[in-house]
A.B. asks: 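Starting off with a structure, shown below.
Per chain, numbering begins at 1; letters A, B, ... match sequence-line order.
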Amino acid sequence: MLQDDQETTSENSAYNSSVYRLRHSTAHVLAEAVCELFPGTKLGIGPPTDDGFYYDFLVPRAVTVEDLQVIEERMRSSIEAGLAFSGREVSREEAKDIEKDQPFKLEIIDELSETETVTFYRHGSFEDLCRGGHTDSTAEIVAFKLLSVAGAYWRGDETRPMLQRIYGTAFESQDDLDAHLIRLEEAQKRDHRRLGLELDLFLMDPIAPASPFFLPKGTVVYQSLVRYVQDLYQRSGYQEVITPQIFDTELWKRSGHYDNYKDNMYFIRHEDREYGLKPMNCPAHALIYSSRLRSYRDLPIRFADFGRLHRYERSGVTHGLTRVRTFSQDDAHIFCTPDQVAGEVRTLINMYQQTYSLFKFKEVRIALSLRPEKRVGSDEIWDTAETALRRVLEEADLPFESVTGEGAFYGPKIDFFVPDALSREWQLGTIQLDFSLPERFDLEYVSDDGLRQRPVVLHKAMIGSLERFMGILIEHFAGAFPVWLAPVQAVIIPIADRHAEYAEHIRRQLSDGGLRVEVNDRNERMNSKIREAQLQKVPYMLIVGDREEEDKTVSVRLRSNEDMGSLAVGQAVEIIREAVSNNS
RNA sequence: GCCACCGUAGCUCAGUGGUAGAGCAGCGGUUUCGUAAACCGCAGGCCAACGGUUCAAAUCCGUUCGGUGGCUCCA
């Protein structure tokens, strides 16, 4: 049931490092400034984060971006004053008295365990309930910047009040801060939404919110990814199937989606019948499985499906290609005997690892998610399943972390995470065991002793949503796709009109060689055409002028600015084809 | 969904109560050029939509739609 596979996660910070204390201290100075500039402010929490800090406030009026400068100035005066940080321990009653006008702080005090001491930290006249971890003095804050304001629910809970969160960052030197700000700018330049527009890959239109239109060039990349996966399927015993988009609601009641996933589904009412647009493929595959009697000799049966899925995502959470309302996955369901699970999982892990390294993702993190409190199936089944998954991971000698309670209600799973160019982490692959689906659809096979047995189902998605994977790839490669994925693999640049015929001759040779090639015969100077090709990140530029025509060569320039000089046409074709077949 | 902000030409943006602007892209010419932007000209907008305030609205107010940054980092 591949739920919530579009979530991101992030790492926790090293807790008591000097930069942590610096940021924590800066957060206190921020709180001081806000309290002074906005009398009546109620304080939330203000922790440091991986690359900065924030503080949550309930303020009498909304804080705007313009306010940030004013707040920064007020903060600077505290910093220039060089105020010392000092802590003190108080009794619980005293703490409550100090914070009597601060409802969020009172809540925190009430939730502190009896064994913990209550401490306050002060700099100048500002004192805050705080566990501690500060610089000696505000003077140590030499480089900070407030970045943005945002809404944030108290304790991340939608039913609690919405606070104003001010994000900022601080570093131990101005150079470090500047470097960080430049990094943020660089990251913006490789934002897939921006590159998608610049490289003509896809577009969004308000008429279909959160639903991408893939343009011809984006479609080339998309289909290349599909073909890559299909090639793996072909070699690994998968059978691709095509299943309906719309099913009577009855199916979703049977699969459990109606009870558990209704809010994320689209429904259509037609001629007194209610239909649901599929958010997942599994029920359809279960129907195919159960359409005939299956023998243990048939297993494992692996059904793959690139079917288009629709999931309603709340308006505030959609984002470019990475969180959309319609997408397709490299989704497959493996129906097998309990004994076959380990072998299947082992094969999948190999396939995943091979693929992630092909796309040059380093540092793949693997998580084994174990039984949650609410679950189906006996403890015995869970023991067996969890042990099987763990053993496979251990035998493969892969580092992984076990997370208790994070498994799906229908079975444990292995998830694969990769960091993108902004070191945000994305879940790509997942391998999920499912005890529930076979029950709900009463799936069976005839075993070697002639008895009817229940198969186990594995949900497989290696790159997950193709839409999101493309978004990640665009940012990962900053739009400079490997040659095998590049929408245009080579562009031919005739220097003057008289070279057009020769250029066309070359184009045909590359096309015949199976390459995606264009001739730039616009009435522009060569320099301009090179610039266009560079900006479009075309891997190979083949420049042809008098000299090349004379010698039957092409002059090859790479998008890395490297000049390969003149090559015979056949030689150039071979070099490019070589790059394609190497998946480079 | 919630909070803040934003929506002006294909793109990036200026214009904050008084006749809609620029650069790039596009189109038409000229130019025929050797490794990241030739030159001249032309065209292009119901200022997201709807409603209101005003003599007058891109500009002020409201609603709707869309987008951006956030909403797990626990005193």
A.B. asks: Give one of base, sugar-phosphate or nothing for R61(A), where a contact means two heavy atoms less than 4.0 Å apart.
C.D. replies: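 No contact at all - R61(A) keeps every heavy atom at 4.0 Å or more from the nucleic acid.
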A.B. asks: Whole Å only: how far is the CZ atom of F213(A) from the C1' atom of rG66(B)?
C.D. replies: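 For the pair F213(A) CZ and rG66(B) C1', the rounded distance is 13 Å.
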A.B. asks: Please tell me if R498(A) has a side-chain N or O lying less than 4.0 Å from either OP1 or OP2 of rC33(B).
C.D. replies: yes
A.B. asks: Once you apply a heavy-atom cut-off of 4.0 Å, does G156(A) come out as touching a base, just sugar-phosphate, or nothing?
C.D. replies: sugar-phosphate
A.B. asks: Report yes or no: is the cationic atom of R160(A) (NZ for Lys, CZ for Arg) under 6.0 Å from the centre of the six-membered ring of Y153(A), at an angle within 45° of the ring normal?
C.D. replies: no
A.B. asks: OP1 or OP2 of rC33(B) versus the side-chain N and O atoms of H499(A): is any pair under 4.0 Å?
C.D. replies: no
A.B. asks: Considering only the P atoms, how many Å lie between rG62(B) and rG26(B), rounded to the nearest integer?
C.D. replies: 41 Å
A.B. asks: Tell me whether the side-chain N/O atoms of T64(A) come closer than 4.0 Å to OP1 or OP2 in rA4(B).
C.D. replies: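 So the side chain of T64(A) is outside the cut-off, no N or O lying under 4.0 Å from OP1 or OP2 of rA4(B).
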A.B. asks: Counting just side-chain N and O atoms, does Y167(A) come under 4.0 Å of either OP1 or OP2 of rC71(B)?
C.D. replies: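 Yes, because at least one side-chain N or O of Y167(A) sits under 4.0 Å from OP1 or OP2 of rC71(B).
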A.B. asks: Quick one: look up who rC47(B) pairs with, Watson-Crick or G-U, both distances under 3.5 Å, and put none if it's unpaired.
C.D. replies: none
A.B. asks: Do the ring planes of H134(A) and Y121(A) sit parallel (below 30°), tilted (30 to 60°) or perpendicular (above 60°)?
C.D. replies: tilted
A.B. asks: Testing the basics here: between S555(A) and E548(A), what is the closest heavy-atom pair and its distance to 0.1 Å?
C.D. replies: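 Closest approach of S555(A) to E548(A), heavy atoms only: CB-OE2, 3.3 Å.
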A.B. asks: Distance check needed: rC11(B) C1' versus Q536(A) CD, whole Å only.
C.D. replies: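 Between C1' of rC11(B) and CD of Q536(A): 13 Å.
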A.B. asks: Taking the side chain of S148(A) as heavy atoms from C-beta outward, which of rC71(B), rA37(B), rG69(B) is closest to it?
C.D. replies: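 Selected nucleotide (nearest to the side chain): rG69(B).
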A.B. asks: For rC71(B), does OP1 or OP2 lie under 4.0 Å from any side-chain N or O of R160(A)?
C.D. replies: no
A.B. asks: Within the 4.0 Å heavy-atom criterion, would you say R559(A) contacts the bases, only the backbone, or no part of the nucleic acid?
C.D. replies: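 Nothing, no nucleic acid heavy atom in range.
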A.B. asks: rG26(B), OP1 or OP2 - any side-chain N/O from R522(A) closer than 4.0 Å?
C.D. replies: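 The answer is yes; a side-chain N or O of R522(A) sits under 4.0 Å from OP1 or OP2.
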A.B. asks: Under 4.0 Å between any heavy atoms, over every strand shown, what does E548(A) touch: base, sugar-phosphate, or nothing? Just pick one.
C.D. replies: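 Contact class for E548(A): base.
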A.B. asks: Of the nucleotides rG70(B), rC33(B), rG34(B), which one has an atom closest to the side chain of S555(A)?
C.D. replies: rG34(B)
A.B. asks: Using the P atom as the point on both nucleotides, what is the distance between rC60(B) and rU16(B), in whole Å?
C.D. replies: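 Roughly 10 Å separates the two P atoms.
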A.B. asks: Taking 4.0 Å as the cut-off, does a side-chain nitrogen or oxygen of R531(A) come that near to OP1 or OP2 on rA37(B)?
C.D. replies: no
A.B. asks: Do the ring centers of W154(A) and F104(A) come within less than 6.0 Å of each other?
C.D. replies: yes
A.B. asks: Of all the nucleotides listed (rC74(B), rG70(B), rC33(B)), which has the minimum atom distance to the side chain of I45(A)?
C.D. replies: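 Per side-chain heavy atoms of I45(A), the pick is rC74(B).
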A.B. asks: Just to be sure I understand the rule, does Y54(A) reach a base, reach only the sugar-phosphate, or reach nothing, if contact means heavy atoms closer than 4.0 Å?
C.D. replies: sugar-phosphate
A.B. asks: Just the rounded figure in Å: distance from P of rC24(B) to CD of E524(A).
C.D. replies: 12 Å
A.B. asks: Could you tell me the separation between the CD atom of E158(A) and the P atom of rC71(B), rounded to a whole number of Å?
C.D. replies: 13 Å
A.B. asks: Just compare rC11(B), rA36(B), rC33(B) and give me whichever is closest to any side-chain atom of N527(A).
C.D. replies: rA36(B)
A.B. asks: When the nearest nucleotide of RNA chain B is assigned to P206(A) and to Q164(A) on a heavy-atom basis, which residue is associated with the more 5' position?
C.D. replies: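 Going by which nucleotide is closer to the 5' end, it is Q164(A).
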A.B. asks: Can you see if the side chain of Y20(A) gets near the phosphate of rC73(B) - specifically, an N or O under 4.0 Å from OP1 or OP2?
C.D. replies: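 Answer no for this pair, as no side-chain N or O of Y20(A) is under 4.0 Å from OP1 or OP2.
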A.B. asks: Where the side chain of M162(A) is concerned, which of rA36(B), rC33(B), rC3(B) is the nearest nucleotide?
C.D. replies: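 Among rA36(B), rC33(B), rC3(B), the one nearest the side chain of M162(A) is rC3(B).
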A.B. asks: With a 4.0 Å cut-off on heavy atoms, is F53(A) in touch with a base, just the backbone sugar-phosphate, or nothing at all?
C.D. replies: nothing
A.B. asks: Which whole-number value in Å describes the distance from I493(A) CD1 to rU32(B) P?
C.D. replies: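 Nearest whole value for this atom pair: 20 Å.
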A.B. asks: Do E406(A) and K413(A) meet the salt-bridge criterion of a basic N to acidic O distance under 4.0 Å?
C.D. replies: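 So K413(A) does not pair with E406(A) through a salt bridge.
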A.B. asks: Using modelled atom types and a 3.5 Å cut-off, is there a donor and acceptor pairing between side-chain atoms of H257(A) and backbone atoms of W252(A)?
C.D. replies: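 No, H257(A) side chain to W252(A) backbone: no donor-acceptor pair under 3.5 Å.
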A.B. asks: Establish, yes or no, whether the cationic atom of R23(A) lies under 6.0 Å from the six-membered ring centre of F53(A) and within 45° of the ring axis.
C.D. replies: no
A.B. asks: At under 4.0 Å between heavy atoms, what does N561(A) touch on the DNA or RNA strands: base, sugar-phosphate, or nothing?
C.D. replies: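 It contacts base atoms.
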A.B. asks: Is N523(A) touching bases, backbone alone, or none of the nucleic acid, heavy atoms closer than 4.0 Å?
C.D. replies: base
A.B. asks: Ignoring backbone atoms, establish whether R193(A) has a side-chain N or O less than 4.0 Å from OP1 or OP2 of rU68(B).
C.D. replies: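 The answer is yes; a side-chain N or O of R193(A) sits under 4.0 Å from OP1 or OP2.
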